[in-house]
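Below is one structure, written out as structure tokens; comments come after it.
Letters go in sequence order (proteins before strands), and every chain restarts at 1. Atom set for the values below is all heavy atoms of this structure, side chains included, hydrogens, waters and symmetry mates excluded.
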Amino acid sequence: MTHENTANHVPDAQNLQLEHQKCIADLGEWKRTHTCGQLTGEHAGTAVCLMGWVQFRRDHGGLIFIDMRDFGGLTQVVFSPDIAPQVHKSAHILRSEYVLAVRGSVRRRPEGMVNPALPTGEIEVVVHEWKLLNTSKTPPFPIEERCDVGENLRLAWRYLDLRRPWMQANLRLRHKVTQAVRSYLDEGNFVEVETPILTKSTPEGARDFLVPSRLNPGEFYALPQSPQLFKQLLMVAGMDRYFQIVRCFRDEDLRADRQPEFTQVDIEMSFVDEAQVMEMAEGLMARIFKNVMGRQVSLPFSRMTWLEAMDRYGVDKPDTRFGLELVDLTEATRASKFALFANAERVKALKVPGGAPLSRKEIDDLLEFVKNYGAQGLAWIKIKPGEWQSPIVKFLSEAERKHIAEALDTHNDDILFFQAGKTAMVNAALGNLRVHLGEQLELIPENAFNFLWVTDFPLFEFDEAEKRYMACHHPFTSPAPDSLDKVVSDPANAFARAYDIVLNGNEIGGGSIRNHSADAQRRMFAALGFSPESAESRFGFLLRALEQGAPPHGGIALGLDRIVMLLAKASSIRDVIAFPKTQKAACLLTEAPSEVSSAQLCDLGLRLRENAAASAGACGTE
RNA sequence: GGAGCGGUAGUUAAGACGGUUAUAACGCCGGCCUGUCACGCCGGAGGCCGAGGGUUCGAGUCCCUUCCGCUCCGCCA
């Protein structure tokens with residue numbers, strides 16, 4: 001205590017709060033009759049008991065007004081010396097976030113005193129008696145809707161952050177979504193089955209979280225990246241239709257829409273094709289929107305092949321709420337004198353109607369933006385009356401200009417952006433630039449929800465680091481019928497029976513029809529470069545199951561956090577998760593992860609290397 | 001692993017050109033106040049400018065290192 005001298009005559013908030021704690025009472029026989037959002041003029045005259053927190057205190061010396069808050073809203077309660085002098089006097093001790101119970105009567109507010117901004121603004125509760133249920137230290141940040149506080153503070157004091165109405169609404173919205181999911185799938189004869197959290201590491205795909213086994217020293221469980229294999233085994237088991245609202249774990253770097261633990265709505269169905277899974281998922285999304293938002297969504301959702309998505313939007317999760325589609329100019333510029341275009345694997349352009357007023361600075365910022373995606377530069381042309389303003393226009397022939405003007409349907413005051421190079425880079429740079437411009441130029445309609453299925457994904461992707469093909473979706477995905485021969489012979493051109501569901505440019509789910517024959521699954525493993533022995537040791541249990549009468553099956557997994565984020569119009573899934581982690585995967589509230597005792601390590605047969613934190617980075621080179 | 005933004009009172013921010021005692025609003029504490037509702041008025045307290053090192057007569061400000069939060073690339077079957 002550094003302020004002992006002053007503490008005696010000028011109490012600080014801390015001492016004051018200690019003093020007030022002497023007044024704390026139990027509930028006793030008091031029973032809450034209403035919530036703080038419930039009372040209206042119709043309740044005038046009724047005796048009520050409210051319990052909640054002090055949101056605002058307006059102590060006039062004479063009258064004291066307290067805005068009481070609970071999950072339901074705010075109610076103004078009045079302590080008046082005319083009604084109960086002792087009660088009024090005792091209420092001076094109330095401070096922000098103190099917890100209280102009041103008994104009193106509802107009355108209509110006097111003429112002209114109605115607060116139209118408040119749902120309960122027509123009435124107030126005149127307090128006849130009250131109890132202090134708890135004190136509170138002054139909160140580290142204001143518990144208000146409008147408070148704009150740093151995320152580190154919000155996370156360190158998450159239970160206070162969650163008291164704010166917006167966060168309360170988000171968690172309640174999330175609850176309504178899961179309830180809609182459960183009712184819809186239950187009606188569709190799906191069975192909710194829990195699958196193991198301690199499971200087997202299958203180091204294909206994301207990095208696993210590992211859990212050491214005490215009973216089997218030197219061995220590890222992995223936390224599931226998804227219940228993929230278990231749900232397939234449940235189809236073999238004849239469950240027919242399975243779902244689970246399930247936590248999944250991936251030890252990869254975080255993003256606004258990626259947490260190390262996240263929740264999937266995991267679904268699998270027997271004896272179905274792609275169309276049936278998609279139809280089921282559309283009905284599910286429609287149910288969510290109806291129950292949660294009171295909105296109709298039009299069915300079926302639009303569909304687009306992966307090739308078309310990449311061609312028109314440059315990304316595999318197009319935001320179709322606005323235009324600015326990409327135009328391929330590769331062939332048109334093949335013979336150009338402009339070497340950058342002529343020699344490029346791919347040339348594409350993006351037209352911003354009316355974008356010519358963009359300043360040099362703004363264009364430079366866009367260049368910096370596309371550099372994130374490997375672009376070296378960003379060519380542009382401003383369409384002005386009678387001339388094209390551009391650093392590159394002098395390289396373009398009359399024929400090329402004519403072709404560009406036609407292909408992009410140019411008008412005065414448009415600006416064109418160009419990208420040339422490797423196809424993947426061109427698509428990534430322009431596709432992401434498109435979304436960036438859509439946001440920056442406010443081209444995206446406020447309340448639109450555009451669903452889209454992206455279908456016909458490639459089966460494989462060549463991994464430059466590992467020098468082998470990797471499954472685009474996952475290794476259990478069935479090849480498309482006309483790609484069966486290509487799985488081993490021409491993997492680069494094989495397509496998958498896989499589909500993603502996209503909402504407003506966000507991937508909110510993905511699924512596939514699986515390999516239900518052991519032979520087909522073995523061919524996939526072979527194409528992925530697994531030896532038969534390695535396939536057996538990693539996935540033998542799956543192969544054996546597929547040999548025991550596995551039915552044709554397929555399914556989908558929906559990202560619950562992302563769906564709720566979009567419905568809540570939140571900018572991060574952290575805002576719809578009660579206790580999320582920071583970008584360094586830490587919980588600022590509990591301070592996890594943390595060191596453990598040597599006794600705990602000893603039980604597990606583990607020993608840390610000297611300076612484990614520093615040596616972790618060196619593992620890759622060993 | 002990489003790029004960028006940020007860290008100054010309890011909170012949100014200003015200060016950045018190196019130069020007196022580091023500002024403001026809200027919050028907090030005290031006083032006054034019987035119709036406020038983000039009450040009002042008066043007064044007061046509150047700071048190792050994220051941390052460490054350096055340059056300098058002098059650093060919130062310049063340089064280096066480091067920690068933390070956020071956005072993105074890589075990564076995320």
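Comparing B/rC75, B/rC28, B/rC72 against the side chain of A/Thr138 picks out B/rC28 as the nearest. Distance from the side chain of A/Ser572 is smallest to B/rU71 among B/rU71, B/rC33, B/rC75. Ranking B/rC28, B/rG35, B/rC73 by closeness to the A/Ala13 side chain, first place goes to B/rC28. Looking at the side chain of A/Leu16, the nearest of the listed nucleotides B/rG30, B/rA38, B/rU11 is B/rG30. The side chain of A/Asn152 sits closest to B/rG69 out of B/rC29, B/rC39, B/rG69. The side chain of A/Arg250 lies closest to B/rC76 when the candidates are B/rG35, B/rU71, B/rC76. Distances from the side chain of A/Met113 to the nucleotides B/rC28, B/rU12, B/rG35 place B/rG35 closest. Relative to the side chain of A/Arg574, the nucleotides B/rU36, B/rC75, B/rC70 differ in distance, and B/rC70 lies closest. Counting only heavy atoms from C-beta on, A/Asp148 has its side chain closest to B/rU12 among B/rU12, B/rU34, B/rC70. Of the candidate nucleotides B/rU34, B/rC37, B/rG35, B/rG35 has the atom nearest to the side chain of A/Pro110.
Summarising the geometry, the separation between CG on A/Leu153 and P on B/rC70 is reported as 12 Å, rounded to the nearest angstrom. Regarding A/Phe141, its CZ atom lies at a distance of 18 Å from the C1' atom of B/rA9, rounded to whole Å.
Pairing for B/rC62 goes to B/rG54, judged as Watson-Crick or G-U wobble with the two contacts each under 3.5 Å. In this structure B/rA9 sits in no base pair that meets the Watson-Crick or G-U test at under 3.5 Å. Under the Watson-Crick or G-U wobble criterion, with both distances below 3.5 Å, B/rC28 is paired with B/rG44. B/rA3: Watson-Crick or G-U partner is B/rU71, with both key distances under 3.5 Å.
For A/Thr582, a side-chain nitrogen or oxygen approaches OP1 or OP2 of B/rG69 to under 4.0 Å. A/Arg95 has a side-chain polar atom (N or O) that falls below the 4.0 Å cut-off from OP1 or OP2 of B/rC29. Residue A/Arg258 places no side-chain N or O under 4.0 Å from the OP1 or OP2 atom of B/rC72. An OP1 or OP2 oxygen of B/rC73 is reached within less than 4.0 angstrom by no side-chain nitrogen or oxygen of A/Lys371. OP1 or OP2 of B/rC73 lies within a sub-4.0 Å distance of a side-chain N or O belonging to A/Arg255. Distances shorter than 4.0 Å separate none of the side-chain N or O atoms of A/Arg58 from OP1 or OP2 on B/rU36.
A/Pro475 comes within 4.0 angstrom of a nucleotide base, judged by non-hydrogen atoms across all strands. Counting any heavy atom pair closer than 4.0 Å across all strands shown, A/Asp253 reaches a base atom. Nucleic acid contact class of A/Phe369 (heavy atoms, under 4.0 Å, all strands): none. Using a 4.0 Å heavy-atom criterion, one finds that A/Asp59 contacts the bases of the nucleic acid, with or without backbone contacts as well.
Under the stacking definition used here (centres under 5.5 Å, planes under 30°), the residue A/Phe65 qualifies as stacked on the base of B/rU36. Judged by ring centres under 5.5 Å apart and planes tilted less than 30 degrees, A/His60 fails to stack against the six-membered base ring of B/rU36.
For B/rG35, the base has a donor-acceptor partner in the side chain of A/Glu124 [N/O atoms by modelled type, under 3.5 angstrom]. One can find a donor-acceptor pair under 3.5 Å joining the base of B/rC37 and the side-chain atoms of A/Asn115. Under 3.5 Å, the side chain of A/Asp82 and the base of B/rU34 form at least one donor-acceptor pair of N or O atoms. At a cut-off of 3.5 angstrom, counting only N and O atoms as typed in the model, there is a donor on one side and an acceptor on the other between the side-chain of A/Arg107 and the base of B/rG35.
To the nearest whole angstrom, the two C1' atoms, one in B/rC42 and one in B/rU56, are 45 Å apart. A gap of 15 Å separates the C1' atoms of B/rA38 and B/rU11, to the nearest Å. The separation of B/rC57 from B/rC64, taken at their C1' atoms, amounts to 22 Å, rounded to a whole angstrom. Comparing the P positions of B/rG47 and B/rG4 gives an interatomic distance of 35 Å, to the nearest angstrom. Comparing the P positions of B/rG10 and B/rA45 gives an interatomic distance of 15 Å, to the nearest angstrom. Spacing between B/rC32 and B/rA24 at atom P, rounded to whole Å, works out to 26 Å. The same atom, P, is picked in B/rC17 and in B/rC73; the two are 33 Å apart, to the nearest Å. Of the C1' atoms belonging to B/rA16 and B/rG60, the separation is 9 Å, rounded to the nearest Å.
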>> For a side chain to side chain donor-acceptor pair (under 3.5 Å) check, start with the C-alpha distance between A/Thr195 and A/Gln244, then their side-chain angles and the critical distance, and finish with the verdict.
In response: CA-CA 8 Å; A/Thr195 52; A/Gln244 188 179 188; 2.9 Å; yes

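Note on A/Arg164 versus A/Glu145: no salt bridge recorded, every NZ/NE/NH1/NH2 to OD/OE distance being 4.0 Å or above. Ion pairing of A/Arg158 with A/Asp161 is present here, as a side-chain N (NZ or NE/NH1/NH2) and a carboxylate O approach within less than 4.0 Å. A salt bridge links A/Glu466 with A/Arg468: the closest approach of a Lys/Arg side-chain nitrogen to an acidic carboxylate oxygen falls below 4.0 angstrom.
Distance check: A/Leu50 CG to A/Leu100 CG gives 9.0 Å after rounding to the nearest 0.5 Å.
Side-chain polar atoms of A/Thr455 and A/Glu274 form no donor-acceptor pair below 3.5 angstrom. No donor-acceptor contact under 3.5 angstrom links the side chains of A/Asp67 and A/Gln55, judged on distance only.
Glycosidic conformation, B/rC42: anti, with the torsion outside 90° of 0.
Without hydrogens or angle criteria, A/Gln259 side chain to A/Lys581 main chain gives a donor-acceptor distance under 3.5 Å.
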